[in-house]
Each structure stands twice: as structure tokens, then as C-alpha cells.
Amino acid sequence: MTRGRSHLPRDLALWITLLTAYACLHPFSGWRSTGVGPFDYLIAPWPRWFTWGDVWLNVAGFMPLGFAWATCMLRHLKPGRLLLLVWLAGTLVSFCVETTQNYLPTRVASNVDLSMNSLGTLLGAFAGVRWGRIFEDDGVLPRWRHRRFLPGHVGGMGIVLIVLWWFSLLNPSSYLFANGDLHVLVNGVPALRLGGGDFQRIETLLAAANTLALGLVAQRAMKRQSPWLVGLIILLGLAVKALATTVFLAPPQPLHWATPGGLRGLVLGAGALFLLWPMPSAIRMSVASLSLLAATALVNLAPDNPYWDVSTRLIAEGHVLNFHGATQLMASFWPFLALLWLGLVGPGTAGKVDRFGDDRV
């Protein structure tokens, strides 16, 4: 069957757009009118107080959006029109969120932010025009993807799910790989009261269950069973976790995640994955679903780790906190997205065309 162009850039572009909008409007509370015109910020003078870190984060935050959307439309428009359209679209997205920020007490609409977001979109679009053809049929990524991962839209969603798992790990939570915590979205009191040794056991269980579930999800997304590739995905997750605890915590602590309980759980989860690897797909998918459900229930019952809170603090700098809100959202919902994907793809047989379309992603 003839392969079409990869839909992966489109899927990533949609997620990037949603997460960018969420980060710009987080925390979505305290809506009110300030009494000033919604567009007055457009003609405001250069702010007296600002940080260059926020300026560059505004540029960098919109570059992925520009790159992804430019890559999506690369085959349909000439470079000049493509750059103009993506730049205008990214500027419009920024204009909408900056104007909406007028009604959020924790946010300040800024023409500087709008300008830097617009510049970031344009730079990302230039990069998309220059390097976006790696997603074409004869590009490196599609050829590698068709060799390694399931065909069809569900296979593509599996790849996006792995990318979103990496993104969720930028949230420096107190338990290794512990996604699914809904406390940040719903006010609730954890039911468990734990001592020091209990925290280590909770860390072990959470790290083991999430390592096992992620490994089984990645295995199901693959056309060819590849233990080294699953291992690489998990190692990259640890690298992302180290990056998060280096960049977003003060003082930087790149190995803060490497607690005795977390490391023990990582080894146990990897061992369980090794034992389950040759099992029938239906058994592996059932174990993956149960692991996700058990880990999600446990992380919502367990209180925050007090040792984490005493020894660290999140860097309290504007856009860092906003980005942290987006990573928190993805960390909260990732297990549910994984369960939905497992239900869609089913146990199946690796290499078959899925029920949701042809063998394109």
C-alpha cells in the first residue's frame, strides 16, 4: 500500500497549540474585568520591569508551534506564503491569549509578549521550511517510523503518547514517573497518612507500576518488538526528569529524582517488563491497564512527600510557573490518555493495519 505523508506533525501541532494556550492562560481562575480596554496593552510603552528570561521564553515557547504548523503545510504552499500564513496564525493565537489575560488576576497582557511570541512563531516556521521535509515519505523519520511502529492513525497516536509522556516528566513531582495526580485540578485531602519508611514503599510501587505500564504501552505501539528501543524511551524519560529538577528547582538538583524507593521501583518495573515481554498481547495490555489504574489511584491517595517540599522549591519566575502549569496538566491526564489509547488499539497483532485507516500516520 502506498504510504502518504506523515500525519505526526499535524498531531503534534494540535497538542502543541492546546498546551501553549493552556500555559498562557494558566491557572484559569479569578476571572474579572480590570476596567481598562482589552486592547490597551497594544499601545503600552516598553515595561519598566522585565526579565530577559521571560523574553526568551516567550520566543522559545512559540517556536515549536511555528515549526509544527509549517511542517504540516509544507507540501501545500510555497515557502513565502507558508511563512506569512504561519506567522499570522501564530500571532493571532498570541493576540487571543494576551487579550484574554486581561481578565486573569495572575496574568498581565503585554505587547512585548505578543511581539516575542510572534517572533518565535516566525523563527519556528523558518525552521519548518528548512528542515520540515524530514517528515516526507523519503525522510528519515517516516522511514524509521514505518519500520519500527504500528501503521495507521492509532500507531501515530501511540508515538504522540510517548512524546507527551516525556513532556509530562518536565513536571518535577515528588515521586518518580508518578503521573495521574488530580490534586492540582480537584481540591481533595489524601486519605493516607505515611511515615518515612512508608514513603519509600509508595515510591517503589509508583515507580514500578509506571515503568511497567509505559514499557508495555511503548511495546504495543511497535511493529517490531524492540527491547532496546523501549529501554531508550525510559532512559530518555530519566534524562527529562533530571532536566526538570535542574532547570525548575532551586537549588538545581539533577539527581533529586534518584531516591532509594524510586530506583528500586525502576528496577522492579524493568524486571516485570522483561518477564511479561513474551506474553500474549492481551495479557500485556491487561497488565498495562491495571498498572495505570493502580498507580493513578495510589498517587491520589498518597500525600505530598514532605522531604521533597522541605529541600526544594519551584523557581518562582513568571513563565516558568506558567510552563509548570502545562506540564502539571499533562502529568494529571496522561494515564487516562494512555488507557483510552489502549482501548482504541486493542490487543491486536503487530504489523496489521489498524481499524482507523490506512497505513499512514
Side-chain angles (χ1 to χ4, degrees), residues 6-23 68 145 148-171 173 177-186 206 208-223 230 233-234 237 240 269 273 276 279-301 325-361:
S6 173
H7 292 167
L8 184 59
R10 179 200 62 189
D11 296 339
L12 288 175
L14 290 173
W15 280 104
I16 288 170
T17 303
L18 291 173
L19 289 171
T20 300
Y22 181 89
R145 176 256 185 274
R148 293 291 180 182
F149 289 90
L150 289 178
H153 297 297
V154 172
M157 283 189 274
I159 298 174
V160 173
L161 195 63
I162 293 170
V163 174
L164 293 177
W165 180 71
W166 286 329
F167 180 77
S168 74
L169 297 180
L170 289 170
N171 173 39
S173 64
F177 294 168
N179 286 338
D181 189 352
L182 300 178
H183 292 141
V184 296
L185 304 176
V186 179
L206 284 172
N210 282 290
T211 299
L212 176 60
L214 185 278
L216 293 174
V217 166
Q219 183 190 26
R220 181 64 188 95
M222 292 177 185
K223 180 188 294 183
V230 173
I233 290 170
I234 295 174
V240 172
L273 179 62
L276 285 166
M279 294 289 184
S281 181
I283 294 178
R284 288 186 277 109
M285 294 305 93
S286 297
V287 173
S289 300
L290 289 173
S291 297
L292 286 168
L293 289 171
T296 302
L298 186 58
V299 78
N300 282 282
L301 288 172
T327 60
Q328 274 188 331
L329 179 74
M330 184 48 57
S332 297
F333 283 115
W334 190 87
F336 304 101
L337 295 175
L339 285 168
L340 177 62
W341 181 81
L342 288 173
L344 289 173
V345 73
T349 301
K352 290 179 64 177
V353 176
D354 68 67
R355 72 189 96 156
F356 290 87
D358 56 23
D359 66 344
R360 292 177 295 174
V361 177

Side chain proximity check, Asn210 to Trp334, heavy atoms < 4.5 angstrom: no
Over all atoms of both residues, closest heavy-atom pair of Leu216 and Met285: O-CE, 3.7 Å
Least distance between heavy atoms, Ala288 atom then Ala213 atom: O-CB, 4.0 Å
Check: Phe149 and Lys223 side chains under 4.5 Å, non-hydrogen atoms: no
Under 3.5 Å: donor-acceptor pair, side chain of Arg284, backbone of Met279: yes
Residue pair Thr296 / Leu339, side-chain heavy-atom distance below 4.5 Å: no
For Val299 against Ala178, the heavy-atom pair lying closest together: CG2-CB, 3.9 Å
Leu337 vs Met330 side-chain heavy atoms within contact, under 4.5 Å: yes
Trace of the side chain to side chain contact (heavy atoms under 4.5 Å, CB included) decision for Leu342 with Leu292: CA-CA 11 Å; Leu342 288 173; Leu292 286 168; 4.1 Å; yes
Shortest non-hydrogen contact between Ala221 and Gly158, atoms and distance: CB-CA, 4.3 Å
Candidate pair Met157 and Val345, rule side chain to side chain contact (heavy atoms under 4.5 Å, CB included), full reasoning: CA-CA 10 Å; Met157 283 189 274; Val345 73; over 6 Å; no
Residues in side-chain hydrogen bond (donor to acceptor under 3.5 Å, both in side chains) contact with Thr20, at least two apart in sequence or another chain: none
Spacing of Leu298 atom CG and Leu293 atom CG [to the nearest 0.5 Å]: 12.5 Å
Minimum-distance pair of heavy atoms, taken over all atoms of Ala218 and Val230: CB-CG2, 4.2 Å
Of Leu273, Leu161, Ile233, the residue whose pairing with Leu214 passes side-chain contact (heavy atoms from CB on, under 4.5 Å): Ile233
Worked verdict on Phe177 versus Leu169 for side chain to side chain contact (heavy atoms under 4.5 Å, CB included): CA-CA 7 Å; Phe177 294 168; Leu169 297 180; 3.8 Å; yes
Sidechain-backbone polar pair: Ser332 side chain, Gly180 backbone, donor-acceptor under 3.5 Å: no
Non-hydrogen atoms of Asn179 and Ala331 that approach each other most closely: CB-O, 3.2 Å
